[in-house]
Amino acid sequence: MSMKRRIASGAAVGLALFLGLASGCSEPAPAAAPTPSGPASHWVAPPQITDVSVTADGLRVRGLAEPGRRVVLRRETGAAYAASSDAEGRFEIRMAAPTDHLMLIPEAQIGQDAVPAPERLLILRGGNGPIVLLRSGRASLRLDAAPVLGAIDSDGRVLLASGRTGSTSQGVPVAVGDRPAMAVTPDEDGRWSAVLNRAGGGGMTVRVRDADFAYPGESRPGPGAFSVERAGWGWRVHWKSDAGAAQSTWLPVRAD
């Protein structure tokens, strides 16, 4: 299901929330990769990225897949990176730090065939910028040390804010401009998401708890399927889902 269909269906709810009705929603944590139901099953689960860390000699990507499966992180063009999952389905891929922004497609390989994951792994500034899983139809998932607001996603119709907080026992107040805040309930990992309002309205201030974030609005995408630009106190990414739908993601960063 495309992001346009999933997010657009919640647009009216998001607008009502910010007109004064308090409510909340949460983004589910990634589940462990399932295994086939039996030896006759030909269904294969795509890999799931769980962690990306910067090491002294480059980057380390870890995740979950079916046990004994070959996992590949593929560029649109150029080199790919691969490893095999262990008996418990865990895998680790090490790579040299890229010199620029890098978009990777996680895949499980079966002979000459591949099962791509729906997410895209984006590594900005060779690992010195945001590291994020871009997920069509769902909130982006920051894997770096992001502020409490990790991303604002747009499909051109609706804006979806998301992030992570250190506390799971209290709601996260989220407000747009001078509208009343709503309390969003985080999941057990502290991750939260909330529909803001309709896209295309330009820049605005988003307050999460006591921190203000100046969302710069959207801009025209570049000529390719993937482009990155600095926008305010963050990075704006234009990309396309598996179905070819245009997506935009703003990734706030800490002041540097």
Enter the distance from T55:OG1 to R60:CZ here, rounded to the nearest 0.5 Å. 7.0 Å
Are V132 and V253 in one and the same hydrophobic cluster, where Ile, Leu, Val, Met, Phe, Trp and Tyr link if side-chain heavy atoms are under 4.5 Å apart? yes
What is the minimum heavy-atom distance between A82 and R70, and which atoms define it? CB-NH2, 3.3 Å
Can you check side chain to side chain contact (heavy atoms under 4.5 Å, CB included) on V228 and W239, steps first, answer last? CA-CA 9 Å; V228 179; W239 57 288; over 6 Å; no
Please check: side-chain N/O of T249 versus main-chain N/O of V237, any donor-acceptor pairing under 3.5 Å? no
Minimum heavy-atom distance between P252 and G150, given as atom pair plus value: CD-O, 3.3 Å
Strictly distance-based, threshold 3.5 Å: is any side-chain N or O of R236 a donor or acceptor partner for the main-chain N or O of A231? no
S53 OG to D144 CG distance, which is reported to the nearest 0.5 Å: 12.0 Å
Separation of M204 CE from R179 CZ (nearest 0.5 Å): 8.0 Å
Is any side-chain heavy atom of L124 closer than 4.5 Å to a side-chain heavy atom of L251? yes
I'd like to know if L133 and I105 are part of one continuous hydrophobic network [Ile/Leu/Val/Met/Phe/Trp/Tyr, side-chain heavy atoms within less than 4.5 Å]. no
Look at the side chain of S248 and the backbone N and O of H238, then say whether any donor-acceptor pair between them is shorter than 3.5 Å. no
Is there a continuous path of hydrophobic side-chain contacts, each under 4.5 Å between heavy atoms, that joins V72 to F91? no
Do L122 and F226 have side chains that get closer than 4.5 Å, going by heavy atoms? yes
How about D153 and S140: does a side-chain donor come under 3.5 Å of a side-chain acceptor? yes
Working to the nearest 0.5 Å, report the span between CD of Q109 and CZ of R74. 9.5 Å
Tell me whether R164 forms a cation-pi arrangement with W192, defined as NZ or CZ under 6.0 Å from the six-membered ring centre and within 45 degrees of its axis. no
Compare every heavy atom of L196 with every heavy atom of V174, then report the nearest pair and how far apart it is. CG1-CD2, 4.2 Å
Would you call Y81 and V71 a side-chain contact if the rule is heavy atoms closer than 4.5 Å? no
Please confirm whether the backbone N or O of R157 pairs with a side-chain atom of D155, one donor and one acceptor, at under 3.5 Å? yes
Quick one: does Y215's side chain get under 4.5 Å of V176's, heavy atoms only? no
Just to verify, which of S85, P46, P47 counts as forming a side chain to side chain contact (heavy atoms under 4.5 Å, CB included) with R69? S85
Salt bridge present between R90 and D86 (N-O < 4.0 angstrom): yes
A45 backbone acceptor or donor facing E66 side chain under 3.5 Å: yes
Tell me if a side-chain donor or acceptor on H101 pairs with a main-chain N or O of R125 at a distance below 3.5 Å. yes
Side chain to side chain contact (heavy atoms under 4.5 Å, CB included) partner of R135, the single match among Q247, E119, R120: E119
Are I49 and L73 close enough that some pair of their side-chain heavy atoms sits under 4.5 Å apart? yes
Establish whether V52 and M95 are linked, either directly or via other cluster members, by ILVMFWY side-chain heavy-atom contacts under 4.5 Å. yes
Do V184 and V208 come close enough that some side-chain heavy atom pair is under 4.5 Å? no
State, yes or no, whether a side-chain contact exists between T205 and D178 at a heavy-atom distance under 4.5 Å. no
Would you kindly say whether S154 and E218 are connected by a side-chain donor-acceptor distance under 3.5 Å? yes
Starting from the C-alpha separation in whole Å, work towards a yes-or-no answer on side chain to side chain contact (heavy atoms under 4.5 Å, CB included) for L141 and R191. CA-CA 9 Å; L141 191 69; R191 296 194 181 276; 3.2 Å; yes
Taking all non-hydrogen atoms of both residues into account, name the closest pair between A161 and L149 and its distance. CB-CD1, 3.9 Å
Tell me whether E92 at atom CD has more than 12 heavy atoms from other residues, nucleotides or ligands lying less than 6.0 Å away. yes
Assess the residue pair W235 and E229 against the criterion (side chain to side chain contact (heavy atoms under 4.5 Å, CB included)); give the C-alpha distance rounded to whole Å, side-chain angles, the decisive distance to 0.1 Å, and a yes or no. CA-CA 6 Å; W235 296 86; E229 61 182 344; over 6 Å; no
Should R75 and L104 be marked as a side chain to side chain contact (heavy atoms under 4.5 Å, CB included) after you check the CA-CA gap, both sets of side-chain angles, and the distance that decides it? CA-CA 5 Å; R75 300 172 184 245; L104 295 169; 3.8 Å; yes
For V44 and I110, work out which heavy atoms get closest and say how close. CG2-CD1, 3.4 Å
Between T50 and G63, the two heavy atoms sitting closest are OG1-CA, 3.5 Å
